[in-house]
Amino acid sequence: MEQSPVKQSGEVGRAGAVRTAKKNPSEPAARKAPTSGRPVLVGVVMGSKSDYEVLAPAIEILEEFDIPHEARVVSAHRTPDWLFEYAEQAESRGLRAIIAGAGGAAHLPGMLAAKTLVPVLGVPVPATMLNGIDSLLSIVQMPKGVPVGTLAIGKPGAANAALLAAQMLAVTDEALRARLRAWRAARRDEVLAQELTGEQGA
Ligand code: RP5
């Protein structure tokens, strides 16, 4: 069995128990401690630390909506045992959604989905010469029976994955629903306030 990179980061053990020790608070994974000791509801996992920048908008949205979450590196092809463990424990740990981003062949979302009934939202990461088209096709083309909700390539997809997770949670959370309504209204108002200048408005 391979060692969990998350365990190595000093944040979470293989059993999924949250640890407080952090080797380096500036590390992306270390910054993503579960909020206020509340149970984690959304897991954000990525195939490599190099995917973090693309997944960051998902984390920012979850923080904005005050949704307890965690961020973990889980590689389908380099840490398959850790992937199985994460997926197998997701339901008992109380996760309500998993956002999974990966580049290249991007089998992480599909493999997670194969091992848990917790809904998996896949984010294709542009990490190769194919700029995420490879990951998009890999994630979206799950055979019938094991669905992965697939979002757009890159940061917009990551943000939308978090918004979708929030909307899923809002089905049973009126306060969160109100925050989502307010967020949408703010986006509407931003657009209504936009004015074209000079030749743009001709
Ligand atoms: C995938 O390979 C990861 O999701 C990442 O997008 C890509 C490259 O990984 P690194 O070589 O940067 O670790 O598994």
Side-chain angles (χ1 to χ4, degrees), residues 1-14 16 22-33 40 42-63 69-90 93 95 97-116 118-143 146-165:
M1 273 220 175
E2 71 272 358
Q3 285 297 302
S4 149
V6 175
K7 187 173 184 181
Q8 287 164 12
S9 81
E11 193 180 5
V12 166
R14 293 189 65 82
K22 294 170 188 166
K23 282 181 185 165
N24 178 0
S26 67
E27 290 284 308
R31 281 208 308 115
K32 301 304 153 201
V40 173
V42 178
V44 181
V45 299
M46 57 205 83
S48 170
K49 189 174 174 178
S50 64
D51 297 326
Y52 181 83
E53 189 183 344
V54 171
L55 272 297
I59 293 162
E60 286 160 17
I61 291 280
L62 294 171
E63 287 175 354
H69 58 279
E70 63 186 9
R72 302 283 182 267
V73 175
V74 181
S75 171
H77 60 287
R78 289 174 286 199
T79 62
D81 296 328
W82 166 229
L83 180 159
F84 273 30
E85 189 176 317
Y86 188 89
E88 284 171 343
Q89 294 181 359
R93 290 181 60 223
L95 295 189
I98 298 172
I99 295 170
H107 31 296
L108 174 63
M111 288 305 294
L112 286 167
K115 294 290 286 182
T116 182
V118 174
V120 176
L121 304 174
V123 179
V125 173
T128 73
M129 297 291 282
L130 298 182
N131 283 324
I133 296 290
D134 43 358
S135 324
L136 171 66
L137 294 179
S138 174
I139 296 171
V140 81
Q141 283 291 76
M142 282 298 287
V146 181
V148 171
T150 309
L151 285 300
I153 296 171
K155 293 181 179 182
N160 276 347
L163 288 167
L164 198 50

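One-based numbering, in listed order, for ligands and for the atoms of each.
For atom 3 (C) of ligand 1, the closest heavy atom belonging to the protein is Asp51 OD2, 3.3 Å. Of the protein's heavy atoms, Ser50 OG, 2.6 Å lies nearest to atom 12 (O) of ligand 1. Nearest non-hydrogen protein atom to atom 10 (P) of ligand 1 is Ser48 OG, 3.4 Å. Of the protein's heavy atoms, Ala127 CB, 4.2 Å lies nearest to atom 7 (C) of ligand 1. For atom 1 (C) of ligand 1, the nearest protein heavy atom (residue, atom name, distance) is Gly103 O, 3.6 Å. Distance from atom 11 (O) of ligand 1 to its nearest protein heavy atom, with residue and atom name: Arg78 NH1, 3.8 Å.
The shortest heavy-atom contact between Asp51 and Gly101 is OD2-O, 3.9 Å. For Ala58 against Ala158, the heavy-atom pair with the smallest separation is CB-O, 3.2 Å.
Counting only heavy atoms from C-beta outward, the side chains of Ile99 and Leu164 never approach each other to under 4.5 Å. Residues Met142 and Pro109 have side chains not in contact (no heavy-atom distance under 4.5 Å, counting atoms from C-beta outward). In this structure, the side chains of Ile153 and Asn131 stay at 4.5 Å or more apart for every pair of heavy atoms. Using a 4.5 Å cut-off on side-chain heavy atoms (C-beta onward), Glu70 and Leu95 make contact.
For Glu53, the CD atom sits in a loose shell: 12 or fewer heavy atoms of surrounding residues, nucleotides or ligands are nearer than 6.0 Å.
Partner of Leu151 under the side chain to side chain contact (heavy atoms under 4.5 Å, CB included) criterion, out of Val140, Leu136, Asn160: Asn160 alone.
For the pair Ala102 and ligand 1, the shortest N or O to N or O distance does not fall below 3.5 Å. Looking at ligand 1, you won't find any N or O of Ser75 less than 3.5 Å from one of its N or O atoms.
The shell of residues lying under 4.0 angstrom from ligand 1, judged by heavy atoms, includes His77. Residue-ligand proximity: Met46 is placed with every non-hydrogen atom at 4.0 Å or more from ligand 1.
Less than 4.0 angstrom separates some heavy atom of Gly47 from each of these atoms of ligand 1: 3 (C), 4 (O).
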